[in-house]
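Here the structure is laid out as structure tokens; the discussion comes afterwards.
In the text below, chain A, chain B and the rest are named by the order of the sequence lines, each starting its count at 1.
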Amino acid sequence: MKPRVRFAPSPTGYLHIGGARTALFNWLYARHTGGTFILRIEDTDAARNSQEAVEVILSGLRWLGLDWDEGPLTGDATGASKGNCGPYFQSQRKENYQRRVEALLSRGLAYEHEGAVKFRMTREPITIHDLVVGDVVRKLTDREEVDPDFVILRSDGQPVFHLVNVIDDLEMDITHIIRGEDHLSNTAKHIALFQAFGVKPPHYAHIPLILNGDGSKMSKRDTGASLTSYLDDGFLPEAVINYLCLLGWSPKDNREKLSRAEVIERFDLPQILRHNARFDYEKLLWLQGEYARELADDRFYELAVHAFAKAEIDTNKFPLAYVKAALDTCKGKFKLFSELPAYAGFYFRDEIIYQPDDAKKVFIPENKPRLEKLRDAFTKLSENQSPITFDQFWNSLSRGGKSLMGDEYRITEDGQLHILSPKNENKDFHITKETVAKYFEILSQKKSDDFKYDFGTYFYRVFLTIRNSFEAATLELALKATATELGVKAGVLIHPTRLAVTGNPHGPSLYHLLEVLGKEKSLARIEKAFEKFS
RNA sequence: GACCCUAUGGUCUAGCGGUUAGGACACUGCCCUUUCACGGCGGUAGCCCGGGUUCGAUUCCCGGUAGGGUCGCCA
């Protein structure tokens with residue numbers, strides 16, 4: 001018999017990233033084995049559930065490309081579905097539960113208690129044969145020793161999770177239950193229920209949980225907990241899928257970037273890891289960059305236009321060829337589509353918006369390994385020569401002219417510790433607006449010393465208008481020649497020009513963006529910038 | 001409190017009774033480079049602790065510690 005697996009979320013209004021991975025692993029197992037992937041909505045808590053909340057789940061799974069073979073087609077609990085084991089909403093399966101509970105009652109396996117119905121739970125330890133964790137012997141806890149029985153029907157007549165979960169898995173012929181490890185302890189109850197119904201329990205596979213970057217439990221409020229946030233931030237579903245595969249599962253051959261088909265081929269339950277994994281946003285971002293770079297043009301344009309639209313930039317007002325040419329200069333240069341409006345908005349805006357200076361700051365909290373090292377060192381010193389201040393600590397690091405890690409340190413007045421990377425005077429590659437302002441100044445001085453014309457007018461008119469062609473290659477040659485003529489490095493011309501035209505010290509290739517932007521716009525912006533800066 | 005799971009650099013992981021403990025992200029040095037990004041070549045950093053088994057333990061066993069989960073008329 002082919003495996004039948006299911007993803008059974010509760011519609012709470014959002015899809016947890018951990019839930020998405022549970023869905024993914026179920027889906028992968030079904031696709032790998034040629035089995036069936038079922039989506040079931042556990043909406044027993046009527047007060048909390050809504051059609052919108054179900055839609056969030058459906059759209060999330062669709063975005064990830066996790067198609068289900070059986071399950072609802074819309075968020076409407078009474079609406080259409082596919083598959084022979086419906087309905088796939090628990091709110092529509094009440095009679096089944098009632099019937100099953102009555103059977104248990106009549107056989108003395110359950111009993112009424114204060115208006116509710118409780119299941120007579122065995123007091124013996126139950127062994128769970130888990131495909132990931134191995135055999136687990138679950139004993140009763142001290143509280144359960146007092147009363148091992150648990151409620152299966154509330155006093156208001158509503159069935160409880162443990163009951164409905166088991167009944168549906170039973171009636172839907174689920175063969176493998178792949179779910180989060182948070183259910184491992186509960187599994188003993190479920191096995192006991194299956195046995196009470198006279199059925200052999202399905203196979204279990206409990207997968208490790210996803211934790212926050214700091215190792216704490218990822219809860220609803222944590223950033224990145226909701227799948228929707230990845231869609232909103234402009235992530236690609238293939239990047240998210242790939243990353244999720246790598247959390248708690250390994251192809252075991254050092255591959256990191258795997259296509260969907262490759263994962264389906266390799267995926268199996270025994271390779272699932274047994275320990276929880278922390279969510280590493282940086283690594284996801286890396287994969288995002290990998291996939292973003294190799295996006296097919298059509299899809300790239302579509303996503304880019306959408307990203308601009310979200311930032312209220314209407315690219316449709318521009319000729320299609322212009323939009324495409326503009327976007328071509330950006331491809332492979334950014335990772336998240338949410339970055340695009342700030343990165344390339346200058347192509348489509350009349351006014352230049354001077355973007356905030358995003359030069360990298362070397363501030364200790366972003367530098368965890370070192371921070372921990374420093375903390376260790378500080379702790380040791382504090383223990384040995386207490387009391388010690390941060391100043392003394394720093395002095396000890398600097399003793400003999402060498403710092404601990406070969407870097408310079410500085411402690412500010414508020415006690416914050418900063419690391420200053422060694423300065424390299426030969427490098428001016430980290431362009432900030434400050435640097436650019438300096439270049440403007442150099443250019444202004446050139447004007448008074450060497451030229452009798454207004455510099456901005458002179459240089460840019462000559463450089464940009466005298467040429468017949470306004471093409472990237474020509475522009476590059478002309479600019480470099482002019483720099484030589486002026487006796488300055490090319491960067492002294494390049495960076496002010498970039499800032500003038502784009503409003504950003506970083507961006508696409510200057511020559512290419514000038515070509516796309518065109519002579520008129522480029523010149524107008526340059527002149528305006530000279531008024532502003534010089 | 002009880003029960004259950006887990007433990008390889010900062011993070012995700014590969015691996016093995018004898019290895020120079022491998023890869024990726026991040027960090028970092030150099031090269032390339034107009035910036036950003038990409039790419040190339042390097043670097044820092046790891047087997048949680050204590051016992052036991054063994055000629056030998058990161059690997060097997062036990063204990064501790066730490067992290068996570070569960071013990072609901074939530075799911």
Item checked: Pairs touching residues 120-154 of chain A that satisfy ring pair (Phe, Tyr, Trp, His ring centres under 6.0 Å), sequence neighbours left out ->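 Residue pairs passing ring pair (Phe, Tyr, Trp, His ring centres under 6.0 Å), neighbours aside: A/Phe119-A/Phe150, A/Phe150-A/His162.
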
Pairing partner of [N] (Watson-Crick or G-U wobble, both distances under 3.5 Å):
N	result
B/G1	B/C71
B/U65	B/A7
B/C41	B/G29
B/C16	none
B/U34	none
B/U58	none

Check: So which of A/Tyr243, A/Tyr14, A/Phe235, A/Phe337 actually passes ring-ring contact (aromatic ring centres under 6.0 Å, His included) with A/Tyr230?
Finding: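 In the set A/Tyr243, A/Tyr14, A/Phe235, A/Phe337, the residue that makes a ring-ring contact (aromatic ring centres under 6.0 Å, His included) with A/Tyr230 is A/Phe235.
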
Give the rounded distance in Å between these two atoms: [atom1] of [X] and [atom2] of [N].
X	N	atom1	atom2	value
A/Asn254	B/C12	CG	P	16 Å
A/Gln288	B/C25	CD	C1'	15 Å
A/Asn504	B/A37	CG	C1'	13 Å
A/Leu244	B/C12	CG	P	14 Å
A/Glu114	B/G72	CD	C1'	14 Å
A/Tyr243	B/U11	OH	C1'	8 Å
A/Glu515	B/U34	CD	C1'	16 Å

Look at the side chain of [X] and decide which nucleotide, out of [options], has an atom nearest to it.
X	options	value
A/Lys189	B/C71, B/U34, B/A75	B/C71
A/Tyr511	B/G1, B/U34, B/A24	B/U34
A/Lys252	B/C38, B/A14, B/U70	B/A14
A/Leu273	B/A26, B/C12, B/A14	B/A14
A/Asp280	B/A75, B/G10, B/A2	B/G10
A/Glu476	B/U34, B/C73, B/C71	B/U34
A/Thr44	B/A75, B/U6, B/G1	B/A75
A/Lys283	B/C25, B/C73, B/U34	B/C25

Margin query: Salt bridge check, A/Arg123 against A/Glu144: does any charged N sit closer than 4.0 Å to a carboxylate O?
Written below: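 Salt bridge flag = no for A/Arg123 with A/Glu144.
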
Note to self: Between A/Lys118 and A/Asp147, does any NZ, NE, NH1 or NH2 come within less than 4.0 Å of an OD or OE carboxylate oxygen?
What the structure shows: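 The answer is yes: the pair qualifies as a salt bridge.
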
For [N], take OP1 and OP2 only and decide whether either is under 4.0 Å from a side-chain N or O of [X].
X	N	answer
A/Arg154	B/A75	yes
A/Ser250	B/U13	no
A/Lys139	B/A2	no

Can you check nucleotides 39-42 of chain B for protein contacts, nitrogen or oxygen pairs under 3.5 Å, and list what you find?
none

Tell me, please, which residues at least two apart from [X] pass side chain to side chain donor-acceptor pair (under 3.5 Å).
X	value
A/Ser509	A/His512
A/Asp328	A/Tyr301
A/Lys139	none

Using the [atom1] atom as the point on both nucleotides, what is the distance between [M] and [N], in whole Å?
N	M	atom1	result
B/A14	B/G52	C1'	28 Å
B/G43	B/U6	C1'	32 Å
B/U44	B/G23	P	12 Å

Next item on the list: Applying side chain to side chain contact (heavy atoms under 4.5 Å, CB included), name anything that partners A/Asp142, two or more places apart in sequence or on another chain.
Entry: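 Checked A/Asp142 against side chain to side chain contact (heavy atoms under 4.5 Å, CB included); zero matches.
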
Checklist line | Summary of protein contacts for nucleotides 60-69 of chain B, nucleotide by nucleotide, where a base hit scores B, a sugar-phosphate-only hit scores S (4.0 Å, heavy atoms) | finding: --------BB

Notebook entry, point to check: Sequence neighbours excluded, which residues qualify as salt bridge (Lys or Arg N to Asp or Glu O under 4.0 Å) partners of A/Asp253?
Noted result: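 So A/Asp253 forms a salt bridge (Lys or Arg N to Asp or Glu O under 4.0 Å) with A/Arg266.
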
Next item on the list: Taking salt bridge (Lys or Arg N to Asp or Glu O under 4.0 Å) as the test, write out the residues that go with A/Arg255, two or more places apart.
Entry: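 Once residues adjacent in sequence are excluded, the partners of A/Arg255 under the salt bridge (Lys or Arg N to Asp or Glu O under 4.0 Å) criterion are A/Glu262.
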
Check: Taking the inter-plane angle between the rings of A/Phe300 and A/Phe334 on a 0 to 90° scale, is it parallel (under 30°), tilted (30 to 60°) or perpendicular (over 60°)?
Finding: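 Aromatic pair A/Phe300/A/Phe334 classed tilted.
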
Notebook entry, point to check: What is the nucleic acid contact for A/His206, judged by heavy atoms within less than 4.0 Å: base, sugar-phosphate only, or nothing?
Noted result: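 A/His206: no heavy atom of the nucleic acid under 4.0 Å.
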
Next item on the list: Select base, sugar-phosphate, or nothing to describe what A/Gly332 touches, counting heavy atoms under 4.0 Å on all strands.
Entry: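 Contact class for A/Gly332: sugar-phosphate only.
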
Next item on the list: Map A/Asp253 and A/Glu282 onto RNA chain B by nearest heavy atom, then report which one ends up closer to the 5' terminus.
Entry: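 Its nearest nucleotide being more 5', the pick is A/Asp253.
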
Notebook entry, point to check: Taking for each residue the nucleotide of RNA chain B with the nearest heavy atom, is it A/Phe279 or A/Ala116 whose nucleotide lies nearer the 5' end?
Noted result: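 Of the two residues, A/Phe279 wins.
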
Margin query: Distance alone, cut at 3.5 Å: any donor-acceptor contact between the side chains of A/Tyr97 and A/Thr44?
Written below: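 No, no side-chain donor-acceptor pair sits under 3.5 Å.
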
